[in-house]
Each structure stands twice: as C-alpha cells, then as structure tokens.
Amino acid sequence: MDNAYYSSILNEISSLLKIKGANKYKIRAYDTASNALRGLLEPIEKFIKDDSLTSIEGVGKSIAEDLVEISKTGTCKTRTELLDELDPGLLDLFKIQGLGPKRLKTLYDDLNISNLETLKKAAEDHKIQELKGFGKKIEETILAEVERISLNSGRTPLPAALQLAQSFRDALAKRDDVEQIQIAGSIRRQKETIGDIDLLVASTSDPKPIMDAFTKLPGVSDILVHGDKKTSVRTVQDIQVDLRVIDPQLFGSALHYFTGSKEHHVKLRTLAKKKGLKISEYGVFKVSDPSTPIASLTEEDLYEALNLPFIPPELRKGHDEINLAQESNLPTLLEQQDILGDLHMHTTESDGENSILEMAQRAKELGYKYIAITDHSQVLTVANGLNPRRLAAHIEAIKEANEQIEDFTILSGLEVDILKDGSLDMDEDLLRACDWVVGSVHISQKMSKEAMTERILKAVESGLVSTLGHPTGRILGGRGGYEYDMERVFIACAKNQVAVEINGSTGRLDFNAEHAAIARAAGVKITLGSDAHSTHGLSVMPFALGQARRAGLEKADVLNCLSAKDLLKAVRPSVHH
DNA sequence: GCCGTTTTCGGCCCGACTGTTTTCAGTCG
C-alpha cells in the first residue's frame with residue numbers, strides 16, 4: 001500500500017466524521033494528518049517499522065494506531081465503525097455544491113437519504129424544501145448538481161486548465177479598469193490537476209463592472225456567486241472560475257490568500273497568531289491594531305512581516321515548508337534558465353512531425369544548448385519505431401545535423417521500449433553507440449506488480465539506460481499507470497546511475513511532483529523531457545519545470561542543468577566511463 | 001485528535017456569499 005492509500009483512508013474518516021457531526025477539530029486532525037502523509041518522502045511502512053509514526057507532524061497516538069491497523073488489514077476500526085453506522089454512499093454526496101456536513105446529516109436523519117439516487121428522488125418529490133433550513137432554491141440546486149455530477153466529475157489536468165485560465169485572464173486584461181490581473185490558486189502552485197480556476201484583479205475603480213463583464217465572457221454557462229468582492233461562474237467545460245477584485249495596495253496579500261493552499265494558510269496563520277499577528281486577504285495586521293495592515297503590497301512583504309523568507313507558491317502545500325523557511329533551509333528552486341537542454345523528443349523518423357534540424361533550431365531559439373533526439377524503437381510499429389538498421393542510419397543523420405548547427409549539440413538517442421521480459425528493444429552495441437537512451441514501458445502494461453518490478457529492474461541494471469521515461473505510464477485524467485515497487489526501483493536507479501524523467505507532455509506530467517520528490521530523497525537524479533512530437537511540442541517544458549519546482553528540486557538534482565558533456569558522465573558509467 | 005521556549009489543558013485561520021432568516025447558520029475556499 002502506498003502513502004496515498006493511507007492518506008485517502010484518513011480523508012474518508014474525516015468525511016464520515018463530518019456527517020456524524022463530530023468535533024470539528026477532531027475532523028481537522030484527520031484532514032491534517034491526511035495531508036501530512038501525502039508529503040512524506042518515505043513509505044509509511046518505514047515509520048511503522050521504526051515505531052516513529054508520531055514523529056510525523058499531525059500524527060498523534062490515535063491516528064498512529066489507525067495507521068498500524070491499516071497496514072495490517074487495509075482498514076481500521078475507526079473507519080469500520082463509522083461505516084457500520086453510516087452509509088458509504090453518503091461520501092458521494094459531498095461532491096454536491098451547497099450540501100455540507102450539516103445539511104447532509106439532516107437529509108440522512110430525516111429523509112434517510114444516503115446516496116445520489118435517493119437524493120434525486122427526494123428532490124423530485126419536493127420532500128427536501130419542506131425540511132427546516134432548506135428551501136425551494138436549495139432543492140433546485142440539488143437537482144442541477146445531481147445531473148452535473150452524473151455527466152462529469154473530477155479535476156482538470158493542469159495544461160488544459162491553464163489554457164482556459166489564460167483565455168479568461170487575457171479577455172479581462174484588455175479592460176482599462178483592470179490594472180493588474182493574475183492567475184492564482186492551484187494553477188499557480190503547479191498542481192497537476194485543478195479543481196477550479198482563481199483569478200485576481202487589481203483595480204482602483206468600482207469592481208462591479210469588471211465582475212459583470214466577467215459573467216458575460218464567452219464560455220460562461222452559469223453564474224454561481226455574484227457579490228461585491230467575489231464572483232464565481234461555471235464554464236461550458238464544467239470548470240468553476242472565481243474572480244476577486246481588490247485594491248492594488250492589497251494585491252500581495254490577496255494574491256497570497258488566493259494562491260493557497262488552504263493547508264499552508266492554516267499553518268501560516270497559526271504561526272502569525274503566536275506572534276501577535278493576524279493574516280487575511282487584506283494584509284498582515286497586529287492584533288492590537290486591526291485597522292492598518294503592516295504588510296499587503298507584495299507577497300514578499302507578507303512573509304517578511306512574519307520574519308520568513310519568501311516561500312514560492314509551488315511549495316505552499318502545508319507540509320514542512322514553513323519549518324524549512326524558519327530554519328532558512330528552503331530549497332533554491334530550479335528556474336527555466338537553469339534548463340540547458342531537452343532530453344526527450346521525436347522526429348519524422350518515427351512518429352514526430354519535424355526533422356532533426358528543425359527540432360534543434362527551435363530548441364536553440366528556446367535558449368537551450370543541446371537536445372537529445374529519442375525516437376521510438378521497433379516494437380512500437382504504430383509509431384513507426386526504428387529497427388537496428390534504421391537506428392544506425394539515424395545516428396549518422398543526427399551527427400550530420402549536428403555539424404549544421406552552431407553553438408549547439410544534438411545528442412543521438414533512442415526511446416527504447418522495455419519489453420515484457422525486461423530486455424531492451426534494440427541491439428546492445430547500438431544502445432552503446434547512442435549518447436542518450438530513454439527507457440520506457442509502452443506495451444504490455446497489464447502485469448502483476450512483482451513482474452513489473454522485475455521488468456523495470458532488469459532494464460535499470462542493464463547499464464544501457466540513461467533515464468526512465470514517463471516512469472509511471474499514467475495518463476493525466478485517464479489511465480492510472482502501471483504498478484511496481486518504486487522503492488526498489490529507486491534504490492537500483494541510484495546504484496546504477498540511472499535517472500528518472502519528469503515528462504512534460506500535456507497528457508502525462510509523469511513523474512508528478514510527489515514521485516519526483518521521493519526519487520530525489522532516494523538519491524536518484526531527475527531529467528526533464530518535453531516528449532515533443534513537433535517543434536510546437538518543445539514548449540511544454542514549463543509543465544515539467546512546474547512539477548520539478550513543486551517537488552522542491554534544485555539545480556543539483558536535475559541533469560538538464562549540466563553541460564552536454566557532463567550530462568553524459570552522470571549516467572551509464574559502463575558506457576561513458 | 002493534536003499540540004506546547006507562554007500552556008500536558010484549552011486552545012485550534014479568516015473572510016465572502018447565499019438562502020432562509022428576522023440576526024445568522026451553512027458552505028466554500
């Protein structure tokens with residue numbers, strides 16, 4: 001069981017406790033612990049073995065006992081007792097906007113509503129509006145929400161959400177009364193999937209016309225909230241967009257508030273309180289003087305008022321970033337200009353749309369010093385993968401192209417398939433002849449965890465692979481990826497000097513930040529690759545960068561920060577000696 | 001339920017908006 005599983009169980013307990021009407025701080029304790037587990041760099045089993053669960057911030061005696069039980073049985077008494085008492089179908093009802101724990105409890109107690117079906121029936125029969133605290137409007141909302149949820153649910157991949165956010169941002173930026181506009185929320189934190197889009201506008205004029213215009217933008221299907229300071233709409237893609245308009249003097253504190261995460265705010269505001277300060281979207285205030293903010297213009301000012309260094313948005317997860325900031329141990333995050341090359345791309349030789357030279361020229365325009373050309377190997381017939389004869393010729397063609405471009409290096413390479421038995425889909429001497437080899441699993445993804453682990457280990461131990469390409473195989477918002485013992489693979493990668501990739505292609509973002517952070521902690525180096533299939537595709541690198549930053553990676557962790565020469569020395573010691 | 005260079009008991013972030021109210025609870029972020 002991975003940490004995400006433990007985290008999800010605690011989260012479920014929290015939801016059940018809410019319906020039960022438990023103490024809200026007890027509920028929060030389960031939420032806090034759930035979030036803390038997501039930030040761990042080592043498997044929970046390790047903490048259990050060392051009897052050190054309570055060293056995790058937010059995990060005390062009770063939750064530690066729950067976790068031990070979960071490791072043995074997959075569940076725990078706290079959870080099973082709640083499920084005996086409450087219907088598990090209730091958990092689905094949390095997706096309905098406007099229904100929180102209190103109203104859900106009323107519906108459950110008074111009308112025995114415990115799932116979406118019974119909820120829909122009761123709303124259609126107009127039973128709900130008769131309940132105390134409910135009315136006609138809520139009943140209508142419920143019906144609309146049940147319909148919406150059955151059609152669509154879940155989070156939107158970051159790349160798609162960013163595109164939508166930018167279109168809203170650009171539309172509003174044209175207005176004269178909009179002095180400044182910025183995308184905040186989980187997009188700014190580079191979360192790989194997005195729940196809703198948050199936009200912040202700075203304006204000295206009346207916010208109302210701005211918010212009215214916002215509700216009338218193309219693509220808006222519903223207006224959810226329309227107040228003096230905040231407006232929320234839903235788009236035709238069923239994504240919620242929140243807009244807040246604020247005085248420019250308060251932009252920093254508002255941006256900070258609107259960027260989140262919620263967990264970061266709770267921790268930071270608790271710290272502020274201990275210092276006799278109060279933080280809100282309107283600034284940092286002394287408790288003794290709640291009328292004049294001591295910081296509000298920039299986020300830097302806000303952190304400074306708390307005697308902290310600036311914490312980049314990507315790190316604001318409510319994990320250990322505030323502690324690190326207090327100790328001056330925050331990582332110096334990787335920047336775009338630190339990335340000297342792109343280490344995964346395709347050309348017309350397999351399934352790409354552009355030539356070697358076209359890719360190189362575009363990469364040079366983007367500011368890179370080198371690229372690796374990594375077309376597919378032969379088993380991927382659908383992608384026109386290369387057999388040994390064609391690869392030999394391709395290596396020559398890459399060398400020729402390299403002669404035709406100045407102050408730039410084109411590395412010859414291959415994205416070689418890791419076959420079902422762990423062997424590599426190419427002759428060994430040709431793999432040795434390549435500068436750079438991305439080893440990837442594409443075919444036969446359905447196999448047992450044990451077999452997949454052995455398969456990948458064999459490739460890692462071959463000494464021929466530079467980096468593992470899109471290491472989980474997951475598709476963002478699609479299939480979940482194959483399972484294997486990541487800890488064992490990381491240990492082997494560190495030992496054999498094999499890196500792991502953060503693949504920036506918009507459908508993948510694989511590894512994500514959480515996996516990359518765990519890999520780094522295990523001593524594994526990271527590579528970034530666009531997996532571009534055209535010159536256009538080279539521009540997705542910021543997504544890989546975003547995951548790297550969210551993982552807390554520094555220059556020293558990422559091989560793309562090395563020169564082409566040093567890069568090759570960092571991997572495959574038996575090939576490059 | 002968790003936590004503690006103020007505390008092992010008594011706290012636990014802060015504000016906007018809506019609908020159902022007659023001054024506010026519930027929800028959301």
Side-chain angles (χ1 to χ4, degrees), chain A residues 10 13-14 17-19 21-36 53-67 78 93-107 128-142 145 184-186 189 194-200 207 211 223-232 240-246 250 253-254 256-285 287 290 293 306 316 318 322 326:
Chain A
L10 297 191
I13 291 172
S14 148
L17 285 172
K18 280 180 198 163
I19 303 172
N23 177 295
K24 66 178 192 174
Y25 299 109
K26 180 175 175 176
I27 294 165
R28 180 186 298 175
Y30 274 93
D31 279 332
T32 305
S34 173
N35 185 51
L53 280 170
T54 51
S55 71
I56 302 166
E57 212 181 314
V59 176
K61 202 164 156 262
S62 296
I63 292 182
E65 279 171 19
D66 288 339
L67 293 173
T78 312
L93 301 183
F94 270 104
K95 293 178 194 159
I96 297 200
Q97 295 238 22
L99 285 188
K102 294 275 167 62
R103 289 189 183 128
L104 282 181
K105 186 167 163 51
T106 305
L107 291 171
I128 291 174
Q129 54 175 286
E130 294 161 9
L131 294 174
K132 196 182 159 205
F134 290 76
K136 248 188 163 149
K137 200 76 194 256
I138 289 179
E139 196 172 79
E140 284 168 20
T141 310
I142 287 173
E145 282 283 288
S186 47
R189 302 198 315 274
I194 302 302
D196 54 28
I197 291 170
D198 299 305
L199 291 172
L200 181 66
M211 297 204 281
I223 299 169
L224 304 172
V225 174
H226 197 19
D228 296 337
K229 298 175 173 167
K230 181 184 160 182
T231 297
S232 296
Q240 185 175 328
V241 187
D242 298 341
L243 172 73
R244 216 148 151 176
V245 180
I246 198 101
L250 309 178
S253 47
H256 182 263
Y257 157 74
F258 225 25
T259 296
S261 68
K262 192 174 137 195
E263 292 83 0
H264 180 77
H265 284 321
V266 171
K267 287 199 172 181
L268 199 68
R269 289 173 177 195
T270 305
L271 174 70
K273 216 168 169 177
K274 281 184 195 156
K275 294 176 186 259
L277 301 170
K278 185 187 79 160
I279 306 174
S280 76
E281 56 263 56
Y282 302 111
V284 182
F285 300 83
V287 174
L306 295 162
R316 298 177 198 165
I322 293 171
Q326 285 178 307

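We use all heavy atoms of the structure for the numbers below, so side chains are in, but hydrogens, waters and symmetry mates are not. Chain naming here is simple, since letters A, B, ... match the order of the sequence lines and numbering starts at 1 in each.
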When every nucleotide of nucleotides 9-15 of chain B is labelled 5' to 3' by its protein contacts under 4.0 Å (heavy atoms), B for base, S for sugar-phosphate only, - for none, what sequence of letters results? ---BBBS
Roughly, in whole Å, what's the span from [atom1] in [X] to [atom2] in [N]?
X	N	atom1	atom2	result
A/Leu224	B/dA16	CG	P	19 Å
A/Ile223	B/dC17	CD1	P	14 Å
A/Gln97	B/dG29	CD	C1'	10 Å
A/Phe134	B/dT21	CZ	P	11 Å
A/Leu243	B/dA16	CG	C1'	13 Å
A/Ile56	B/dG1	CD1	P	18 Å
A/Ile142	B/dT20	CD1	P	10 Å
A/Gln326	B/dT5	CD	P	11 Å

Hey, what do you get for [atom1] ([X]) to [atom2] ([Y]), rounding to the nearest 0.5 Å?
X	Y	atom1	atom2	result
A/Tyr30	A/Lys18	OH	NZ	14.0 Å
A/Arg28	A/Leu17	CZ	CG	14.0 Å
A/Glu263	A/Asp31	CD	CG	8.0 Å
A/Asp66	A/Thr78	CG	OG1	3.5 Å
A/Met211	A/Lys229	CE	NZ	10.0 Å
A/Ser232	A/Asp242	OG	CG	3.5 Å

Could you pull out all donor-acceptor pairs under 3.5 Å where a side-chain atom in residues 276-284 of chain A meets a protein atom, sequence neighbours excluded?
unit_1, atom_1, unit_2, atom_2, d
A/Ser280, OG, A/Tyr282, N, 3.0
A/Glu281, OE2, A/Arg244, NH1, 3.1
A/Glu281, OE2, A/Arg244, NH2, 2.9
A/Tyr282, OH, A/Arg244, NH2, 3.4

Strictly under 3.5 Å: I want the nitrogen or oxygen pairs between protein and nucleotides 22-26 of chain B, one per line.
none

Using the [atom1] atoms only, state how far [M] lies from [N], rounded to an integer number of Å.
N	M	atom1	answer
B/dC2	B/dT6	P	24 Å
B/dC3	B/dT7	C1'	10 Å
B/dC9	B/dT18	C1'	38 Å
B/dC13	B/dG4	P	14 Å
B/dC14	B/dT20	C1'	24 Å
B/dG11	B/dC17	C1'	28 Å
B/dG19	B/dT8	P	47 Å
B/dT21	B/dT27	P	14 Å

Give none if B/dT8 has no partner; otherwise give the nucleotide forming a Watson-Crick or G-U wobble pair with it, both distances under 3.5 Å. none
Between A/Glu145 and A/Gln97, do the side chains contain an N or O donor and an N or O acceptor separated by less than 3.5 Å? no
Check every strand shown and say whether [X] touches a base, only sugar-phosphate, or nothing at a heavy-atom separation below 4.0 Å.
X	answer
A/Lys136	sugar-phosphate
A/Ile13	nothing
A/Ile138	sugar-phosphate

Check the angle between the aromatic planes of A/Tyr257 and A/His265 and answer parallel, tilted or perpendicular using the 30° and 60° thresholds. parallel
Side chain proximity check, A/Arg103 to A/Ile138, heavy atoms < 4.5 angstrom: yes
Side chain of A/Val225 only, please: which of B/dG29, B/dC2, B/dC17 is the nearest? B/dC17
Is there a donor-acceptor pair under 3.5 Å between the side chain of A/Ser186 and the backbone N or O of A/Arg189? no
Need to verify one output field. Residue with the more 5' nearest nucleotide on DNA chain B, A/Phe258 or A/Thr54? A/Thr54
